[in-house]
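One structure below.
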2 protein chains.
Amino acid sequence: MTSLDSTPQAVQGAETGHSTQPVHGTEAAKQIPPAAVARLTIYLRALNTLLSDGVERVSSESLAEASGVSSSTLRKDLSYVGSYGTRGVGYEVQYLSRHISAALGLTHDWKVAIVGAGNLGKALARYGGFESRGFDVVAIFDADQMVVGNEVGWLRVSDAADMEAVLQRTGANMVVLALPAHVAQAVCDRVVAAGVHSILSFAPVMLQVPEGVNLRKVDMATELQILAYHAQRAQTPDQTA
Amino acid sequence: MTSLDSTPQAVQGAETGHSTQPVHGTEAAKQIPPAAVARLTIYLRALNTLLSDGVERVSSESLAEASGVSSSTLRKDLSYVGSYGTRGVGYEVQYLSRHISAALGLTHDWKVAIVGAGNLGKALARYGGFESRGFDVVAIFDADQMVVGNEVGWLRVSDAADMEAVLQRTGANMVVLALPAHVAQAVCDRVVAAGVHSILSFAPVMLQVPEGVNLRKVDMATELQILAYHAQRAQTPDQTA
DNA sequence: TAGATTGTTAATCGATTAACAATC
DNA sequence: TAGATTGTTAATCGATTAACAATC
């Protein structure tokens, strides 16, 4: 997250054949390198900003600048998705945005359940960035009876004891874990057993998940530690050479 | 976040000489590859868990397993820090922990100010993981007069209008941005102007910072999008071959 | 046509892994 | 000494960059 680099891990997808021919349209998806997937989400955000500013066309050079990458990297990344630009002209913003969305699977119906209605869970439940990008928060759980039933945004907090039933009923296909380290693994196991295979964890522990479950981790303290490393280096001028 | 890898960017440190000789003790720090830095924070957490479990010694094999990496990667990463193990025996938990901490700059005095006292800002201010890992939250700001003065954890919310003065007085050397996208760049500029060079942003925008400022970004919606990509791939069995 | 910009190739760079000599 | 495990090297793999032919 990343850093995390965020801190991604244990994301196993089927990865059988590497088709060399770029395939467009509705055919089989090809493998996109992890680093490129992460950046594609950034391009998508930049494109949507342009779109709401009424910009219709953009060059790789300026989209790259807005995204903080080189134009070379940008064009290479886009080439994994397909070729949706026009030489000598650039990219049509809306058209490119739509194709990146499709490639990332954002046209699916993603229903997110949040486990943990503490400060972080509430912050996530109310975070506009989810809804606006096609993620529908359908449930929020807590084990504390004092919290169950409380209003959080549009939702009421469900009892964690009923998790399996509520996940089923709401059709949740992604779960966000916003709970203390010591209960995270147990809850994670229940979530997996309930058939959810995509999990984003904010708990500061290494979670073990079976093959085929996609787990990503965001650790806020880790991010500060990485920052600390760089800050310390900047303060201590290099004594080599 | 990220990268969450996570989505790291614009982290420039001085990087003059690459000393080939591993230097131990108090001498000049060498450059540690970004990927290794991120993992070292994970090892550190695993070591501290072992420590509180009363474990005194650990092999690269089992520390690697607890951290979700290969023992090869672990030993290579540790080699950037120094050689603090004993062949045929393993690593002394406390001793290794201390040396990783030192290498990451966690023995410094890090004072963190949080800008934005919304749900996320409050969650971060109360997040135990910061304090326990040597980051001291010294201030939290908001521009909303309805919120200024409120209690958040041990702190009271300061007026964002007084940011420069409070940053100065508290000696904050890191800032966490927990605010809406549209104000993030302006606040970021003020923070940089106030002399803070380490910034962790949760705002879903690309921020521009001058050379020499360390900026990391955590984007929760990005993490869900990456998850969506993998989930979609898993659902759509590969049609090549 | 002349100018611009994409999509792709090939070269470079960095990160991961396997293997093993060093050594406790 | 025999067994175990580190620290490091060399080989592999993947990601980034520069350059340019294709083409609007």
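Proteins get letters first, then strands, A, B, ... in listed order; numbering begins at 1 in each. As the structure is a computational prediction, the values presented were derived from the model and not from experiment.
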Comparing nearest nucleotides in DNA chain D, the 5'-proximal residue of the pair A/Pro33, B/Ser59 is B/Ser59
With a 4.5 Å heavy-atom cut-off, do A/Val137 and A/Val176 have their side chains touching? no
What does B/Arg57 touch in the nucleic acid at a heavy-atom separation under 4.0 angstrom: a base, only the sugar-phosphate, or nothing? nothing
Rounded to whole Å, the CZ-P distance (B/Arg87 to C/dC24) equals 7 Å
In whole angstroms, the gap separating P of D/dC24 from CD of A/Glu92 amounts to 16 Å
Whole-Å distance, A/Lys76 NZ to D/dC20 C1', equals 15 Å
Contact under 4.0 Å: A/Ser60 side-chain N or O vs C/dT6 OP1/OP2: yes
Between CG of A/Leu63 and P of C/dA4 the distance, given in whole Å, is 20 Å
* Asked: Is there a side-chain contact between A/Glu131 and A/Asp136 (heavy atoms, below 4.5 Å)?
  -> yes
pair_partner(C/dA22), Watson-Crick or wobble, both distances < 3.5 Å, evaluates to D/dT5
In whole angstroms, the gap separating P of C/dG14 from CD1 of B/Ile32 amounts to 16 Å
To the nearest angstrom, the CG-P distance between B/Leu74 and C/dT16 comes to 12 Å
When rounded to whole Å, the CG to P distance for the pair B/Leu40 and C/dA15 reads 13 Å
Between A/Leu63 and the options A/Val69, A/Ile42, A/Leu74, the side chain to side chain contact (heavy atoms under 4.5 Å, CB included) test singles out A/Leu74
Please work out if B/Ser70 contacts a base, only the sugar-phosphate, or nothing of the nucleic acid, heavy-atom cut-off 4.0 Å. sugar-phosphate
Requested in this report: State, yes or no, whether a side-chain contact exists between B/Leu200 and B/Met174 at a heavy-atom distance under 4.5 Å.
Outcome: no
| task | For D/dT16, take OP1 and OP2 only and decide whether either is under 4.0 Å from a side-chain N or O of A/Ser72. | result | no
note: A/Leu78, atom CG; C/dT6, atom C1'; distance rounded to Å ~ 10 Å
Q. Under 4.0 Å: is that the gap between some side-chain N or O of B/Tyr91 and OP1 or OP2 of D/dG7?
A. yes
Quiz item: Got a sec: does the CZ of B/Arg190 have more than 12 other heavy atoms crowding it under 6.0 Å?
Solution: yes
Whichever of A/Arg75 and A/Pro34 has the more 5' nearest nucleotide on DNA chain D, that residue is A/Pro34
